[in-house]
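Shown next, in structure tokens, is the structure this report addresses.
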Amino acid sequence: MFHRVIHENWTTIVPIISFVFTAGIFLFVSIRAIRLPKDRRDKLARIPLD
Amino acid sequence: MTTSITYDDKTVRRFMTASIFWGVVGMLVGLLAATQLSWWQMNGKFLETITFGLFKGEGLAYITFGRIRPLHTNAVVFAFVGNMVFAGVYYSTQRLCKCRTASDLLSNIHFWGWQLIIVGAAITLPAGLTRGKEYAELIWPLNIGVVLIWVVFGANFFWTLAKRNEKSLYVSLWFYIATIITIALLYIVNHLSIPTSLTHSYPIFGGVQDALVQWWYGHNAVAFFLTTPILGIMYYFLPKAADRPVYSYRLSIIHFWALVFIYIWAGPHHLLNTALPHWLQTLGMLFSLMLWAPSWAGMLNGLLTLRGAWDKLRTDPVIKFFAVAVTFYGMATFEGPLLSIRAVNALSHYTDWTVGHVHSGALGWNGFMAAGMFYWLAPRLWKTKLWSTSLANMHFWVGLVGILLYVSSMWVAGIMQGLMLAETNPGGATLKYEFVETLSQINILYVLRSAGGLFFLLGFILCAFNIFMTARSGKAHDDTVDVQILEKTKKDTMTIGESLRQDPVIYSVLSLAFMILWFLLPHHADKAALAVTLILIAKAVSLFKKEGNSWGHYFDRLLENYLPFTVLIFFAVAIGGMVQIIPSLLVNKAANTEERLQIPYTPLELVGRDIYVSEGCYNCHSQMIRTLVPDVMRYGPTEEQGYSRMGESLYDHPHQWGSKRTGPDLAREGGALAQGSKTMRVGRRDNLWHFNHFWDPRQTSPGSNMPPYPFLFDTKADLKSLPKRIAVQTTLGVPYPAMTKDEIEQSARDQAMEISSSLVQAGAFIPDKPEMTETELMRHLADTEIVALIAYMQKVGSYEIVDHRREGKALDPDSIRKQGKAEPAISPTTSKR
């Protein structure tokens with residue numbers, strides 16, 4: 001695996017990894033945000049700031 | 001004295017409706033084109049399935065990628081954004097001038113004329129009628145229509161300015177003036193052509209000169225059609241929606257003048273590392289980098305206008321769309337200069353990274369500004385409430401996810417393909433990947449791009465439905481207001497001469513003139529020019545310190561005088577174009593080429609080239625090997641090939657350097673004359689390979705996504721119009737020998753017969769015509785477009801070596817024509833390939 005990434009096919013692997021990584025995080029937090037219950041959302045939005 | 005004025009909002013409603021309609025059409029065509037890159041069957045074969053076998057065929061000419069990609073770009077740029085711009089300009093100009101548009105008749109002609117041109121484009125582009133220049137594909141009768149309608153628009157606009165009841169011109173109006181003037185200039189110069197028929201013409205520029213003019217236009221179409229008018233709209237509608245004045249008036253002055261002056265110089269960044277002279281490439285890169293500053297000044301001015309109104313982001317979809325649109329403007333104008341750096345461009349150019357960049361501007365900046373403006377306008381134009389805020393919010397999120405998916409997949413596809421194309425095997429002497437391997441690798445990203453485009457389209461359909469329901473729930477309404485009539489003596493009192501005889505103008509012009517002389521003059525004289533420039537700048541600074549107030553007063557007066565203001569804008573944009581284009585007009589001649597000179601096409605090859613242009617092959621194939629090691633290794637590895645020289649495309653009207661490689665470069669596809677033949681050439685691949693490739697690209701290149709072209713095997717080549725075409729080429733300076741009409745046609749027929757005979761001898765056959773005998777097949781093929789196209793493919797990039805220094809005299813194309821020789825004999829030391 002490391003030989004492939006470092007020496008052989010890095011141009012085909014690294015850009016895809018970066019895309020999957022970014023899209024994955026984006027998807028994860030999006031799902032997390034959408035599934036957050038409304039009362040929890042409202043409570044967190046109203047945490048006192050002072 | 002006051003008067004009551006009713007604004008012409010009918011025209012605004014019309015343009016807005018047209019924009020939404022053409023927007024959906026343009027995006028739908030874009031989606032089809034995007035899917036074609038993943039599945040070649042989308043070029044027509046899919047019709048077999050959806051018509052249950054009623055349509056039969058491997059491809060349909062009218063919807064091949066090369067034909068509908070220009071339809072997509074033209075529809076989105078000129079139909080969707082164009083109509084949106086006109087809606088915004090008509091609405092805001094009337095209110096900023098406190099008067100009704102000058103002429104309802106001109107407004108009507110403008111609206112219907114523009115829609116007629118769009119319909120004309122929608123018919124001619126799929127029919128393969130094109131000029132072969134990106135974003136300038138429309139045929140010459142439509143070009144004339146565009147110019148006439150633009151003049152109508154301009155006349156109506158400036159007439160309204162003359163009738164205005166507001167003394168000063170607001171920022172938005174400056175941007176509209178710049179748009180009208182500059183687009184007229186760009187459009188006319190880049191569309192100068194000589195017709196050969198009602199539907200065909202050759203541009204008067206050729207080769208490197210055509211490339212330079214094209215991208216001067218192409219880049220500034222983005223600048224002055226997709227940016228400046230939208231900025232004008234931003235400066236009007238964003239403060240209205242946020243209910244706040246613009247953040248900084250001073251910043252808007254800097255933003256406007258810096259943008260207008262700098263933008264026009266940046267075109268050559270589309271031609272980095274090519275045969276374009278180096279000084280032009282450097283100018284293009286530097287001015288692109290400088291564009292960062294004014295562009296971000298505009299973005300910050302827009303975003304900071306929302307100060308104190310950010311809470312509206314939670315509730316108001318209009319503000320949501322505007323905030324994201326302005327952010328995308330900032331991101332796209334950051335990315336643009338980045339891509340203009342030569343080293344970055346070496347990786348990004350010809351790849352999908354550029355496509356991603358363009359779409360972050362088109363979908364994010366233009367698309368979202370349009371949506372925000374429509375949602376703001378609709379309730380006012382139909383005097384009602386927006387039908388559904390929730391639907392608008394859903395449009396926002398669906399559209400935003402669509403854009404992000406689109407641009408991120410294109411970034412990754414572009415970078416990955418660029419890296420793969422430059423990758424070598426251990427030892428560094430050979431390339432690691434075939435072109436088609438890179439294509440297979442990015443296919444998954446192409447699928448994601450289509451998904452992103454689909455999301456954006458769905459969002460826009462929601463917008464169309466929402467606006468339609470809003471209109472249905474209300475009633476068309478034109479605003480009526482009472483305004484104070486402005487006396488004629490209180491506006492437009494400055495003459496053009498007076499406006500030019502001012503210190504700021506005089507010192508700017510003189511400094512710029514001496515700076516240009518610094519570039520152009522020989523040694524020592526250039527240093528003197530630089531010294532004078534510095535002295536002039538120092539003098540201007542000292543004068544400004546002393547008389548700064550009067551300079552400010554002059555600018556204020558300028559804003560109360562629209563004609564002098566317009567003239568100054570014209571000068572600001574004309575300077576950049578002149579400095580870049582005039583020198584290339586003077587040097588782009590055979591006499592000035594070094595080392596290599598293109599061999600003109602034979603009549604049949606010219607027919608083939610016109611088919612190549614007509615089918616839009618330039619949308620996927622470049623004909624320009626850049627001065628970069630990976631390019632040379634892949635496309636021109638031998639010493640006699642190498643990178644593309646300026647002289648190799650000197651006679652190409654239009655040039656076909658391309659801007660994107662979905663397929664490989666073709667600059668070295670052609671080759672020398674076949675043994676024993678006077679006309680037939682054999683290049684990198686033989687005639688049979690090309691024959692099979694056009695019938696079914698996957699037969700010769702497994703994994704290719706190129707459309708099949710079965711219709712070329714039936715359509716007869718147009719030889720009748722050849723004499724006219726060659727006459728026009730000769731007028732443009734291509735050194736054709738003197739030939740009669742019969743000689744031209746006979747030459748084409750002889751060459752076609754030689755190629756078709758070679759094809760039949762090699763075992764070629766048409767799969768859907770198995771009954772043809774060899775003789776019938778030979779005669780049939782000799783008449784068809786496929787043979788003409790093969791003739792062209794085998795000629796592409798053919799040049800001869802010339803050495804003017806050794807010869808000691810310059811080439812004179814006219815003298816060659818007079819001698820009546822078949823091909824220009826340049827020097828005793830000439831060799832050909």
Side-chain angles (χ1 to χ4, degrees), chain A, chain B residues 310-311 313-315 347-348 351-353 356 393-394 396-398 400-428 431-449 451-452 455 630 634 703:
Chain A
M1 172 66 192
F2 286 115
H3 190 258
R4 280 178 61 215
V5 172
I6 294 167
H7 296 290
E8 286 176 7
N9 302 321
W10 72 271
T11 49
T12 61
I13 294 170
V14 173
I16 288 289
I17 290 174
S18 69
F19 181 80
V20 170
F21 187 71
T22 312
I25 290 177
F26 186 79
L27 205 65
F28 174 76
V29 294
S30 300
I31 293 169
R32 179 88 185 85
I34 291 165
R35 287 174 57 91
L36 203 63
K38 191 174 183 319
D39 54 343
R40 175 93 178 126
R41 225 163 54 206
D42 291 343
K43 191 181 166 191
L44 289 173
R46 286 182 173 75
I47 288 177
L49 300 180
D50 46 19
Chain B
W310 286 103
D311 59 297
L313 269 180
R314 279 170 164 258
T315 51
L347 173 69
S348 72
T351 75
D352 288 298
W353 190 352
N393 280 325
M394 189 182 280
F396 175 81
W397 289 110
V398 171
L400 185 60
V401 168
I403 300 171
L404 293 177
L405 196 55
Y406 191 111
V407 295
S408 56
S409 57
M410 286 296 90
W411 286 334
V412 176
I415 292 170
M416 184 156 73
Q417 193 176 29
L419 289 171
M420 285 180 78
L421 288 171
E423 185 79 347
T424 56
N425 285 313
L431 290 163
K432 186 166 179 176
Y433 297 105
E434 290 290 323
F435 192 95
V436 77
E437 288 178 89
T438 70
L439 201 61
S440 310
Q441 199 66 30
I442 59 175
N443 194 34
I444 179 68
L445 297 158
Y446 276 177
V447 173
L448 291 172
R449 179 258 286 270
F455 273 46
R634 185 171 297 276

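The sequence lines fix the lettering, A, B, ..., with proteins before strands; numbering per chain opens at 1.
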field: Heavy-atom side-chain proximity of Trp10(A) to Glu423(B) below 4.5 angstrom
entry: yes

message: Could you tell me if the side chain of Leu419(B) sits less than 4.5 Å from the side chain of Thr12(A), heavy atoms only?
response: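 Not in contact.
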
To the nearest 0.5 Å, what is the distance between [atom1] on [X] and [atom2] on [Y]?
X: Ser409(B); Y: Phe19(A); atom1: OG; atom2: CZ; value: 5.5 Å
X: Ile16(A); Y: Leu445(B); atom1: CD1; atom2: CG; value: 4.5 Å
X: Trp397(B); Y: Ser30(A); atom1: CH2; atom2: OG; value: 9.0 Å

- prompt: Checking Ile442(B) against chain A: side chain, backbone, both or neither under 4.5 Å from a heavy atom?
  reply: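 Answer is neither: Ile442(B) stays 4.5 Å or more from chain A.
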
field: Minimal non-hydrogen separation, Ser18(A) against Val412(B), with atom names
entry: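 Closest approach of Ser18(A) to Val412(B): OG-CG2, 4.5 Å.
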
